[in-house]
Protein chains: 2
Amino acid sequence: MTSTGRARRPTLEQVAAEAGVSRGTVSRVVNGSLEVSPRALKAVQEAIRKLGYVPNQAARSLVTRRSDTVLLVVSESEARVFSEPFFGSLVRGISQELSATPLQLNLMMASTARQHDRVEQLVRNGHVDGVVLISLHGDDPLPRNLAAAGSPVVLGGRPISDLGGVPYVDADNLAGAKSATEYLHRQGRRRIATITGPQDMAPGIDRLEGYRRALRGRRGGARLVAQGDFGQASGEVAMRELLAADPAVDAVFAASDLMAAGALRALRAAGRRVPDDVAVIGFDDSAVAQHTDPALTSVSQPVQRMGRELARLLVARIREPGTVLDPVVLPTELVVRESA
Amino acid sequence: MTSTGRARRPTLEQVAAEAGVSRGTVSRVVNGSLEVSPRALKAVQEAIRKLGYVPNQAARSLVTRRSDTVLLVVSESEARVFSEPFFGSLVRGISQELSATPLQLNLMMASTARQHDRVEQLVRNGHVDGVVLISLHGDDPLPRNLAAAGSPVVLGGRPISDLGGVPYVDADNLAGAKSATEYLHRQGRRRIATITGPQDMAPGIDRLEGYRRALRGRRGGARLVAQGDFGQASGEVAMRELLAADPAVDAVFAASDLMAAGALRALRAAGRRVPDDVAVIGFDDSAVAQHTDPALTSVSQPVQRMGRELARLLVARIREPGTVLDPVVLPTELVVRESA
DNA sequence: TTGAAAGCGCTAACAA
DNA sequence: TTGTTAGCGCTTTCAA
């Protein structure tokens with residue numbers, strides 16, 4: 001049952017013996033202390049190499065009360081996180097940034113309350129040094145609880161209600177939507193509609209606001225607004241509504257690529273050519289954007305960089321628990337393809 | 001610098017004091033030993049609850065030499081893993097299965113040799129109890145090395161060359177391709193082409209073989225084969241080649257949705273209607289499949305279940321290092337949409 | 001600059 | 001059935 005099987009790894013003790021010094025000295029070398037004589041340093045390094053010594057994390061953790069582990073909690077159920085390269089790119093960015101630290105990345109799906117409890121337990125018990133939370137739902141109490149427990153926490157995506165002191169990383173949804181809409185206007189489009197995302201989610205709200213600001217004070221204004229839920233079907237329905245409301249609509253900014261793809265279908269069904277009759281822009285620059293016909297012009301988010309920033313903030317929080325960290329809002333970019 | 005800050009968690013010792021028993025007894029209760037008197041059991045349980053005790057994993061690990069952690073290694077660079085819901089669903093399946101065990105899931109990207117070394121080190125050093133490897137490249141030595149080091153390893157996806165004894169989980173690519181092709185045949189299609197994936201990857205090979213078997217002995221046979229690389233552009237090119245080779249082609253099975261999407265574009269450009277003139281089937285049932293126009297009929301893989309099986313095999317390997325585990329090949333399903 | 005020694009919190013072997 | 005005890009491998013004072 002013990003089933004250890006594997007040969008025992010060399011310990012500090014053995015390295016010390018090999019190098020002819022004490023455990024303390026080896027420990028100092030391993031942890032990069034400066035108060036070690038060049039001679040001892042060299043002897044220890046050689047012994048380490050010779051023995052193939054690697055520190056035992058559990059032992060270290062036991063005494064330092066650090067775990068050198070950060071937890072990525074995906075509070076999903078919102079399928080979006082998992083579709084699209086979003087999740088993967090984010091993880092990649094986080095890993096990238098963490099690879100320069102001793103921190104390991106742990107992953108946990110936690111949508112139910114029970115799973116959230118488990119996260120809190122892990123944190124409280126010192127099994128993780130910090131938490132990255134992504135894909136939060138409306139007023140999820142998890143980040144607040146974690147922060148209250150004194151745990152370093154950072155959020156992927158702006159929380160809908162302000163969580164004083166908990167930093168977040170987000171794409172500049174507002175500016176992205178604004179620039180997409182302005183682009184349409186510059187192309188000479190004058191009846192620019194939008195298909196919004198859910199208005200109880202930050203990206204939904206911000207992207208609508210960006211559209212509004214772009215058209216503020218412009219002739220025609222921002223009146224052609226149809227509600228969607230980020231999903232393709234809702235985009236199709238919304239586009240039909242828009243066409244009914246104003247048959248002369250000549251452009252539409254959709255708050256997601258899926259909705260834009262839906263709009264494309266509705267437009268084709270209505271006999272409108274894209275982009276000739278109606279220009280379409282999506283948001284996310286997802287895989288879908290590249291594979292619709294015509295390919296979607298879309299607002300791209302620097303997802304991988306968002307991951308890196310998340311990790312950077314978290315590391316800062318762990319290292320300097322006191323300091324106030326500002327949210328990071330990263331610029332988006334309009335990727336022009338065929339649809340607008 | 002110590003920055004512990006957090007209040008110390010209660011220890012076994014304190015629970016023992018509170019319950020009026022010894023540490024040993026508390027340990028037995030915590031670890032579910034049966035040799036504990038009902039009275040002691042109750043007292044300990046109460047003390048645990050009262051104090052909010054949670055075992056310190058580091059301390060436990062130190063003595064048991066188990067880490068209760070499994071590592072998911074994404075040997076990426078092949079972007080596919082990250083696009084599509086693939087990665088997310090897989091992780092979800094793995095998490096799901098592990099949630100019934102004390103095992104935590106760790107994640108690591110490792111494409112470079114240096115990163116592979118780190119994986120081996122983690123394993124050798126007992127920091128992880130087992131490894132799930134996905135997205136392996138051709139003849140990556142990592143699984144062999146890990147297995148040789150005595151570490152439990154399971155593979156996501158059939159390795160291209162047999163790794164004696166290392167179990168894997170895969171979708172039944174061959175059967176999926178075969179049934180898609182047969183479906184086309186049943187629909188009365190008689191000039192059925194295929195666009196293959198790279199022939200140095202198991203899915204590429206298997207899906208071509210499935211196509212071949214479906215048409216073996218049938219009139220026309222399996223002669224309309226064009227090479228692709230799973231990417232959309234290659235699918236578009238391949239479709240043009242096929243049209244040139246046989247303008248009367250009336251169906252095409254593409255080994256990926258992206259290639260199928262490319263084929264769709266080429267067909268539209270050539271003035272062919274889908275599915276009227278040419279039926280198209282893709283593979284993966286990815287997001288793209290749902291958003292092309294017409295929507296793609298596609299072969300779906302039970303990705304989440306693959307994740308669960310992966311975890312199941314790994315747990316079995318960890319618990320019973322000796323036993324031989326067979327590969328698990330899961331059935332695919334043809335999802336019929338508009339394109340065929 | 002170094003060594004010695006005291007734990008970190010836990011499991012498991014042994015004795016009672 | 002229970003208590004006692006010896007470590008697990010490491011970091012970190014404290015003295016030297």
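Throughout, protein chains are lettered first and strands after them, A, B, ... in sequence-line order, and every chain is numbered starting at 1.
- Comparing C:dA5, C:dC10, C:dA13 by their nearest atom to the side chain of B:A59 picks out C:dC10.
- Contact between the side-chain N/O atoms of B:N31 and the OP1/OP2 oxygens of C:dT11 is found at a separation under 4.0 Å.
- Side chain of B:T64, nearest nucleotide from D:dC10, C:dA12, C:dG3: C:dA12.
- At C:dC8, none of the side-chain N or O atoms of B:T11 fall inside 4.0 Å of OP1 or OP2 (strictly under the cut-off).
- Interface remark: the A:R65 side chain does not form any donor-acceptor pair with the C:dG9 base, using a distance-only criterion of under 3.5 Å.
- As judged by a 4.0 angstrom heavy-atom cut-off over every strand, A:S27 is placed among the base-contacting residues.
- Toward the 5′ end of DNA chain C lies the nearest nucleotide of A:L41, the other residue of the pair B:L62 and A:L41 mapping further downstream.
- Counting all heavy atoms, side chain and backbone alike, A:P143 lies closest to A:L155 at CB-CD1, 3.9 Å.
- Residues A:Y168 and A:L313 come closest through the heavy atom pair O-CD1, 4.1 Å.
- Contact of the B:L72 side chain with the B:L133 side chain is not registered, since no non-hydrogen atoms from C-beta on lie closer than 4.5 Å.
- Residue contacts for A:V30: at a heavy-atom cut-off of 4.0 Å it reaches no nucleic acid atom on any strand shown.
- Taking only side-chain nitrogens and oxygens, B:S61 never comes nearer than 4.0 Å to OP1 or OP2 of C:dC10.
- Closest to the side chain of A:S22, out of D:dT2, C:dG3, C:dG7, is C:dG3.
- No engagement by B:A58 is indicated, since no non-hydrogen atom pair under 4.0 Å with the nucleic acid exists.
- Between D:dC8 and B:R60, no contact under 4.0 Å exists linking OP1 or OP2 to a side-chain N or O.
- With distances taken from any side-chain atom of A:L12 to the nucleotides D:dC10, D:dC8, C:dT2, the minimum falls on D:dC10.
- Residue pairs meeting the side chain to side chain donor-acceptor pair (under 3.5 Å) criterion with at least one partner in residues 41-52 of chain A, sequence neighbours excluded, are A:E18-A:K50.
- For the residue pair B:D129 and B:S67, a side-chain donor N or O sits within less than 3.5 Å of a side-chain acceptor on the partner.
- Phosphate contact (OP1/OP2 of C:dT1, side-chain N/O of A:S37, threshold under 4.0 Å): absent.
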